[in-house]
Structures are given as C-alpha cells and as structure tokens.
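Accompanying notes for the structure given below.
All of these numbers come straight from a predicted model, not from anything done at the bench.
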Amino acid sequence: MTGTGYRVTPARVLRSEWHKLWTLRTTWITLLTACVLVLAVGIAMGTTYDGDDSDVDTVVFVLFGTQLSQICFAVLGILVTAGEYATGMIRASLTAVPRRLPVLWAKAAVFTTVAFTLCLVTNVITFLVAQIWLSGSDKELTLTDDGVLGALAGSAAGITLMSLIALGLGALLRSVPGAIGAFVGSILILPEVLTTLPLDGIDTVIRHFPAQAASSLGSIERVEDTVTPGTGLLALALWAAAVLAAAALRLRRQDV
C-alpha cells in the first residue's frame, strides 16, 4: 500500500471532490434552478421595461434574479460540507485523506471554480438575451461597452464568495439547518440590526459586511453608500478566508 499508485495527492483529492459534487442529484437541481431563475427574471425585466427604472444600473437591472440564485448557491455550498456530516460520508472522506485539511481545501476549490464559471456564463447569457428587448431603449448596451464585462464578472465573484462563506459555515457548524440559519442571520439580518444602533461609524463598518460588499461589485456605476469594487472584493475575500480558517481549525482539532 506504499506504492505511488495508492498515494494521496492534491490532484486525486480534487478529482474525488469533483466527482462527489457532480454525482449528487442535488447539485444538478440546485445549479439548474439558480441559472433558470437568473435567466427568467432577466427576460421578464427586459420584456416589461417601460422606462420607469431608467435610473437603475443596466447590469443590476437585468441581473435582478441573482438575488434569488444567491440563495441556491449558498445552500449548495452548505450541502457540500455540512451535507457530508449529515450523511456520515465525511468519515469515509477523512479516512481516505487522514490529513483532513486537503479535503476542505479541495471542496472549496472545486466549488469556487464551478460557482464562478456558472455564474459568469449565466450572467453573460442573461445580459445578451435581455438586450433583445432592451435594444433601442436607454438601457441598450453591448458587452464591449465600458464596465459591462467587469460588472458581469463582479456579480459572479460576489455570488461565489458569498457562497464560499456559506460553505465555510457548513464545515464549521457541521449542520445543514444550523449553517443555513447562521448564514441568514449573520449575512442578511445582522447588518440590518446593527444599522439601528446609535454608534459613530457603524455605517462605515456595515459597508464592509459580506452582503453590502457584494452589492458594490455587480454594477457599471458605483452604487451609492457602498465601498469601491476593489475594497468590496477584498472584504469579501477576507470574510471567506476567515470563515474557512475557523472551519479548518475545528477540523484539525476535533474529530468528526
């Protein structure tokens, strides 16, 4: 069993996690739902546009459905990690990879690649399809116009990093319901609660929270009361890194 044919290598761990992700029916259903939601809402926005939302950024307007797809990607991220604890599959995974941490890094790498690629492709297709009906209006744009591709990619990056935070919460809490509750509570509800506090500088702090930072990435023009896209991307990356680091620490120190 010591031959090279049985060695645990990063490539083999990645391949294992890739197969595990794509052999689950949940993955196909969740990803298909996320893509359909973005495209369907984008078509609806394009076909019903009458000029009333002329002040809304065009990319934000056609990608309004990403607010729904974000939930799908976050739930899938949680299932990638916490789902294995629920089924007991994690024992087999860690038995095959005794060092443990490569399993978490491989899950994160595979999920990030799939989520970003699918989000970006869906965003581009939705934008192009919506422009069929927006042609000739004040929202007519092409992919080559300034800022369009950056906004489409920024939206995909924001969704991916938010979902990576969800994946980290799943690995940290090891419970699907617990991770979903923590994601909704900390990412979506907590910032709204903090805004009610009469503290100096609280608004500046909240702009760096995940959901608020992500809102700065998916538009051509800078959104009012948000950080710059570069700062937003850095903030999101740091949040994701912090949650994954906490999950890695627990995985390293505590048995399943």
Might you work through the side chain to side chain contact (heavy atoms under 4.5 Å, CB included) test for K139 and S137, ending with a clear yes or no? CA-CA 5 Å; K139 291 194 180 300; S137 72; 3.9 Å; yes

Please round to the nearest 0.5 Å and tell me the distance separating atom [atom1] of [X] and atom [atom2] of [Y].
X    : Y    : atom1 : atom2 : answer
L104 : L251 : CG    : CG    : 6.0 Å
R207 : T226 : CZ    : OG1   : 8.0 Å
I180 : L173 : CD1   : CG    : 11.0 Å
L188 : F209 : CG    : CZ    : 12.5 Å
D225 : I206 : CG    : CD1   : 11.5 Å

Give the C-alpha distance, both sets of side-chain angles, the deciding distance and a yes or no for side chain to side chain contact (heavy atoms under 4.5 Å, CB included) between F116 and L161. CA-CA 9 Å; F116 180 76; L161 287 169; over 6 Å; no

Identify the heavy atoms of [X] and [Y] that sit nearest to each other, and give their distance.
X    : Y    : answer
I165 : I187 : CG2-CD1, 4.2 Å
T26  : T30  : O-OG1, 2.7 Å
L134 : E140 : O-CB, 3.6 Å
A182 : L169 : C-CD1, 4.2 Å
V8   : A96  : CG2-O, 3.4 Å
V114 : W22  : CG1-CZ2, 3.7 Å

Which pairs with one or both residues in residues 28-40 pass salt bridge (charged side-chain N to carboxylate O under 4.0 Å, His left out), sequence neighbours excluded? none

Between L233 and L236, does a side chain to side chain contact (heavy atoms under 4.5 Å, CB included) hold up when you go through it step by step? CA-CA 5 Å; L233 185 62; L236 269 174; 5.5 Å; no

Show me, pair by pair, the donor-acceptor contacts under 3.5 angstrom made by side chains of residues 239-250, not counting sequence neighbours?
residue, atom, partner, partner atom, Å
W239, NE1, H208, O, 2.8
R250, NE, Q254, OE1, 2.4
R250, NH1, L172, O, 2.5
R250, NH2, Q254, OE1, 2.9

Can you tell me if S219 uses its side chain to pair, donor with acceptor, with the backbone of R222 under 3.5 Å? no

Can M89 and T87 be said to form a side chain to side chain contact (heavy atoms under 4.5 Å, CB included), step by step? CA-CA 5 Å; M89 180 66 185; T87 61; 3.4 Å; yes

Using atom types as modelled, flag every donor-acceptor pair under 3.5 Å from a side chain in residues 36-47 to any protein atom, sequence neighbours excluded.
residue, atom, partner, partner atom, Å
T47, OG1, I43, O, 2.9
T47, OG1, A44, O, 3.2

Quick one: side chains of residues 142-158, donor-acceptor pairs under 3.5 Å with protein atoms, not counting sequence neighbours, listed by atom name and distance.
residue, atom, partner, partner atom, Å
T142, OG1, T144, N, 3.4
T142, OG1, T144, OG1, 3.0
T142, OG1, D145, OD2, 3.4
D145, OD2, T142, N, 2.8

List for me each residue that meets side chain to side chain donor-acceptor pair (under 3.5 Å) alongside S93, sequence neighbours excluded, and say none if there are none. K20, E84

Identify all side-chain donor-acceptor contacts of residues 68-81 below 3.5 Å with residues at least two apart in sequence or on another chain.
residue, atom, partner, partner atom, Å
S69, OG, T66, O, 3.1
Q70, NE2, S163, OG, 3.2
T81, OG1, I78, O, 3.3
T81, OG1, L167, O, 2.9
T81, OG1, A171, N, 3.2

